[in-house]
Amino acid sequence: MFLPTNEKQFGFWKMRRSGMSNVSIANELGITRQGVSQALLVMNEKIETSLREMAQANRIQIEKIDVERGVLFGRSIPFQTNAYIFVSEKHGMQVWYEHDGDCISCNEFTKCIEFIWDFAAELGIKLEKTQDPTKMAEELLAKVREDRE
């Protein structure tokens, strides 16, 4: 399923993900609280459906879906490791597998760091570790897991 990140509903969802209440979103945009609530219900459904479809396509067994943050927690069946699917405004939907990588020699080094920084910023999470993408990802995932419990 295509996730329409340019729709108004997605904008409302991003505002809520950043910590704004429905009332604050409504006041800021000059619309009713009910309108915001209805738009968020529709967007939640689209995000959950997209996350489920991505999990199925990547053979990830779902453990939990955090629709409000746009994160699916699961386990990769073929790789036998924890897997996460993220909804990012900048990067779209991304699948991340827990692994011990050799980041320095990887061609995706810069892309990984950029994604981790961007997604942490979208969630309002400050990262302390900045040199190694594997350590950054571990810190980000620990903070995302911590927030969901």
Side-chain angles (χ1 to χ4, degrees), residues 1-22 24-25 28-29 35-148:
M1 173 180 213
F2 173 70
L3 191 59
T5 57
N6 60 343
E7 286 185 3
K8 282 184 185 180
Q9 295 165 341
F10 190 79
F12 297 166
W13 180 82
K14 286 188 321 181
M15 294 170 89
R16 185 192 57 203
R17 179 167 72 168
S18 73
M20 290 181 74
S21 68
N22 290 11
S24 297
I25 295 169
E28 184 169 315
L29 300 175
V36 171
S37 294
Q38 188 174 6
L40 287 172
L41 287 173
V42 170
M43 197 67 225
N44 284 349
E45 188 175 316
K46 288 179 181 179
I47 287 172
E48 182 170 353
T49 299
S50 295
L51 287 168
R52 287 183 180 282
E53 288 176 357
M54 184 70 90
Q56 183 177 6
N58 287 279
R59 298 189 59 217
I60 295 171
Q61 183 177 13
I62 299 169
E63 293 173 6
K64 180 177 182 350
I65 297 176
D66 183 342
V67 173
E68 289 192 12
R69 305 229 28 215
V71 181
L72 179 145
F73 302 84
R75 182 123 181 114
S76 169
I77 295 167
F79 299 133
Q80 291 298 300
T81 189
N82 291 333
Y84 308 87
I85 303 174
F86 301 101
V87 175
S88 166
E89 176 185 14
K90 184 174 180 181
H91 300 277
M93 296 190 69
Q94 296 286 317
V95 178
W96 193 276
Y97 299 98
E98 277 190 14
H99 66 285
D100 291 323
D102 180 12
C103 296
I104 301 301
S105 64
C106 180
N107 294 337
E108 300 290 313
F109 179 86
T110 303
K111 288 180 185 178
C112 285
I113 287 181
E114 181 180 316
F115 171 73
I116 295 165
W117 275 119
D118 290 343
F119 192 70
E122 288 180 28
L123 292 177
I125 294 174
K126 181 171 176 11
L127 298 176
E128 304 298 327
K129 299 174 182 152
T130 60
Q131 300 298 321
D132 178 357
T134 300
K135 300 266 187 254
M136 290 171 63
E138 287 171 359
E139 181 182 355
L140 174 62
L141 293 169
K143 288 181 177 183
V144 169
R145 271 192 232 100
E146 180 180 292
D147 287 350
R148 80 175 181 150

With rounding to the nearest 0.5 angstrom, report the [atom1] to [atom2] distance, [X] to [Y].
{"X": "Glu89", "Y": "Arg17", "atom1": "CD", "atom2": "CZ", "result": "8.0 Å"}
{"X": "Ile116", "Y": "Ile125", "atom1": "CD1", "atom2": "CD1", "result": "12.0 Å"}
{"X": "Trp13", "Y": "Arg69", "atom1": "CH2", "atom2": "CZ", "result": "9.5 Å"}
{"X": "Ile85", "Y": "Ile60", "atom1": "CD1", "atom2": "CD1", "result": "4.0 Å"}
{"X": "Glu146", "Y": "Leu141", "atom1": "CD", "atom2": "CG", "result": "12.5 Å"}
{"X": "Leu51", "Y": "Met93", "atom1": "CG", "atom2": "CE", "result": "4.0 Å"}

*Check ion pair Lys143-Glu139 (N to O, under 4.0 angstrom)*: yes

*Relative to each other, are the rings of Phe86 and Tyr84 parallel, tilted or perpendicular (30° and 60° limits)?*
parallel

*Do the rings of Tyr97 and Phe79 sit parallel, tilted or perpendicular, given the 30° and 60° boundaries?*
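Correct class here is perpendicular.
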
Counting C-beta onward and ignoring hydrogens, is there a side-chain heavy-atom pair between [X] and [Y] closer than 4.5 Å?
{"X": "His91", "Y": "Asp118", "result": "yes"}
{"X": "Phe12", "Y": "Val42", "result": "no"}
{"X": "Met15", "Y": "Val36", "result": "no"}

*Of all residues at least two apart in sequence or in a different chain, which pass the side chain to side chain donor-acceptor pair (under 3.5 Å) check with Glu108?*
none

Are more than 12 heavy atoms, taken from residues, nucleotides or ligands other than [X], located less than 6.0 Å from that residue's [atom1] atom?
{"X": "Glu138", "atom1": "CD", "result": "yes"}
{"X": "Gln38", "atom1": "CD", "result": "no"}
{"X": "Glu7", "atom1": "CD", "result": "yes"}

*Distance-only side-chain donor-acceptor flag, Arg16 / Asn44, under 3.5 Å*: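 Yes.
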
*Taking ring pair (Phe, Tyr, Trp, His ring centres under 6.0 Å) as the test, write out the residues that go with Phe109, two or more places apart.*
none

Which heavy atom of [X] sits nearest a heavy atom of [Y], and at what distance?
{"X": "Phe73", "Y": "Asp66", "result": "CE1-CB, 4.2 Å"}
{"X": "Ser37", "Y": "Asn22", "result": "OG-ND2, 3.1 Å"}
{"X": "Glu122", "Y": "Val87", "result": "OE1-O, 4.0 Å"}

Under the 3.5 angstrom rule, does the side chain of [X] hit a backbone N or O of [Y] as a donor-acceptor pair?
{"X": "Ser76", "Y": "Thr81", "answer": "no"}
{"X": "Asp132", "Y": "Thr134", "answer": "yes"}
{"X": "Thr49", "Y": "Lys46", "answer": "no"}

